[in-house]
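Notes to accompany the following structure.
Chain A is the first sequence line, chain B the second, and so forth, proteins listed ahead of strands; every chain is numbered from 1.
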Amino acid sequence: MLLSVFAGCSSPAPAEPAPSESVSGEAPVSEAAPESEPEEVINITVSLSSTSDEVKTAAREKMFEDYNNLGRGIHVEPDYTPWSGFYDKLVTTAAAGTAGDVISFTSQWLPAFEGLDILVPLDDAYNNWEYKDEIPANIPELYKASSTDGNLYMIPRFLLSLYFVYRIDLFEEAGIEKVPETMDEFLEVCQKLTKDTNGDGRIDQYAYAMRVGLGADSFYEFALADMEEPRIWNDDGTLTFTDPDVLSGVQFFVDLYQKYGVVPETAPVDGSAECVNYLTSGTCAMYLTHFETVNSIIAGIGEENYGTFLPPAGKNGSRFVTLGETGTAVFDNGDPKKVEAAKDFALWWSEPDQHEQWVSMCYTPPYMDSVSEKYMDNPGVAISLEGLEKVDGFSYCAFPPVTNYSGEWANNVFPTYTAMVLENEISVEEYMTTLADKLING
Amino acid sequence: MENLGQTTGSVTKYIDKKKDIPFYKKIFNEKTSPYWLLSPSLIFISIMIVFPVCRTIYFSLTDYHVFSPNDVHFVGLGNYIDLFTSPEFPKITWNSVIWLVGILSVQFVLGMALALVVRNKFFGRKVINSLMLVPWVTPSVVAALMWAWLYNGNYGVFNHYLYKFGVIDDYVAWLAKSDTSLLSCMLVIIWQGIPFFCIILTSAMMGIPKDLYEAAYIDGASSVKSFIHITLPLIKETVFVTTMLRIIWITNNVDTIVIMTGGGPGISSRTLAVHAYLTAQQNFKFGYASAIAVILALIMSFMAFMYMRMLRINEE
């Protein structure tokens, strides 16, 4: 089970009442004192990335509505930004002091905000939170490790793992009976799936939608697969990026585009939206992704065609699965009342009820004991959990590296240099040396 | 004595009169009024142009990064040295040259050719004139997105027809290939800018008296000769202004490239202006980005200076 993998995770235990509850009281303010003067409502803004997934949008809106109806004297207003420009907008608005009060993002971006003195430490609020024991300990530990002063600046909200989604109908048409288990089998499958479907002499169906455009850094599954013990960091704190086994894995990744031509030529500029589009339109048969795209893909191809498999194993039989997470941070925009209100919402947003909504509607891998038990059989959730459980030991899964430059690296450096290596402008070795250098030194 | 008394009286009267001048007339008179009238514009320009320019120059000498706004250090010419020694600088500069020269020359030639056609009266001219405005009035964001779809490597219209008519052997990922991405973006700007040249040049041509052409015709001048010796000299000033404006607009263009390719793949479609934008807005290195902006401004000033100089020599 996923939860057994996370050290320090235990069943929920009674805890001190959460600060959020003491704020809310037993009855909504509006009902408790209808004739007295209306209490001041604190308006807070939640900055988060927008999505074309209608189910996910509806889930979010429902949560905001639910919270606003609690009558805590706090009104939450979402501020959506498209994912492709979310990081840039967040940093610039934070620097200008006009960012939202509650921000939802990944820990890779955390160091970027530390220098702006805008993050509110959440250690006390989290330690007094009644559900903190339901959160696997290594997520807040990751958050603490991501900050330079060791404070906790984020409340965990959801977890993800990467896996391959494939179109069952296209696999069947190509006569593929089983999903690839190794990279050799993956290549074989790719070559079968890349073809001219209408006989006009031109390839119009590709095997793999490779995401290289803005906001992408999904290559670890290929890059680390050839390592005996796949890992991103060496014991001495250096990156494994120039390890010979990593270079051979990256070469395979590049060859999929350059040598074997099983990836659309547009890959160097393709982002998530393009890849999902290729999958739903039948231009591509596979895509390395996570729960965030489930609803959009199923809406396009139907649940009966939605297949998943784990990243294939490399030459040593090891696999690597990239983990991801999203947490909630509170920004101090100068108003202490808003800060307290934002903390209240941030904790509420991660409570089991909200977590369950998220799991049931968006297939997020559940990480809370009380929620995960109910969803072990959900097919959408199962593959994410499988990714976390069945891989050769949990050490072969990892979060992408967090450094002072990881946000900018994932959003700008990776797409730029990956496009260059795919276009053969730099060698694989130059590519990985540059990626490592930019991740550490900026 | 009487005369002296009269003179003294006049002076006294003059002094008394001066004393009577209201205060507002003292500070707002014929001599000072131009300065007063200019002052709002000067203040506005100072705030909107001089201050940002000075600030940009100052930033270019610092390591100002958005992540650490309270920890800014003076680095002298460090940003400039980093820029000139960076491995991508030659490529980006070359891209900028191709971008400017390619777009400007094609736009000018096609704009002029169109202007020569539409200055004549013919059936449907007004309709054509109106239609010609469409690219110019289309917002650049819309144009960029529209063209990105036309270029799409998997189901774009261009690929469909070029492949159908045998021009290409296979679909081309125009925006995802480093050898075609910049040219593809250039085509969008060319398409957008031709009407500008055409309309301005047509207006200038319409102002040339017809007698000149008639006289030239009687003297046996061909159309080409009339164009070279009558049209061109008389629209020279207009050509100068429009070309200068286009140089500035083309060089500073960021939105089209950022929307269509993001300066990529890699840095294959990155110009200096795009590089400055991405360095500031995506890498958040405001100091370094300011240095790029200063260099860009210097290059453009130099180009403008050389252009004006060439024009003056030509006039002489």
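- In terms of the side-chain contact (heavy atoms from CB on, under 4.5 Å) criterion, residue partners of B/Ser290 (sequence neighbours excluded) are, by chain and number, B/Thr56, B/Phe59, B/Ser60.
- The two residues B/Leu175 and A/Val269 come nearest to each other via the heavy atoms O-CG1, 3.8 Å.
- Scanning residues 76-93 of chain B against chain A with a 4.5 Å heavy-atom cutoff picks out nothing at all.
- We find the CG-CD distance between B/Asp179 and A/Glu423 to be 7.0 Å, quoted to the nearest 0.5 Å.
- To the nearest 0.5 Å, atom CZ of residue B/Phe67 and atom OH of residue A/Tyr405 are 9.0 Å apart.
- Nearest heavy-atom pair, A/Asp200 versus B/Tyr163, reported as atom, atom and distance to 0.1 Å: O-OH, 2.8 Å.
- Of the listed residues (A/Pro111, A/Ala112, A/Ala95), the one with the most heavy-atom contacts under 4.5 Å to chain B is A/Ala112.
- With values rounded to the nearest 0.5 angstrom, A/Thr416 atom OG1 is found 8.0 Å from B/Asn283 atom CG.
- The heavy-atom pair separating A/Ala419 from B/Gly266 by the smallest distance is CB-N, 3.2 Å.
- Across B/Trp149 and A/Asn277, no two heavy atoms sit closer than the pair CH2-ND2, 4.4 Å.
- Between A/Ser281 and B/Tyr155, the shortest heavy-atom contact is OG-CE2, 4.5 Å.
- B/Asp170 contributes no side-chain N or O that, together with a main-chain N or O of A/Arg202, makes up a donor-acceptor pair within less than 3.5 Å.
- Heavy atoms closer than 4.5 Å to chain B are found in the side chain of A/Tyr278, but not in its backbone.
- Heavy-atom distances place the side chain of A/Tyr206, and not its backbone, under 4.5 Å from chain B.
- Between the CD atom of A/Glu265 and the NZ atom of B/Lys177 there is a distance of 4.0 Å, given to the nearest 0.5 Å.
- From A/Thr266, atom OG1 reaches atom CG of B/Asn154 across 4.5 Å, with rounding to the nearest 0.5 Å.
- We find the OG-CE distance between B/Ser268 and A/Met420 to be 8.5 Å, quoted to the nearest 0.5 Å.
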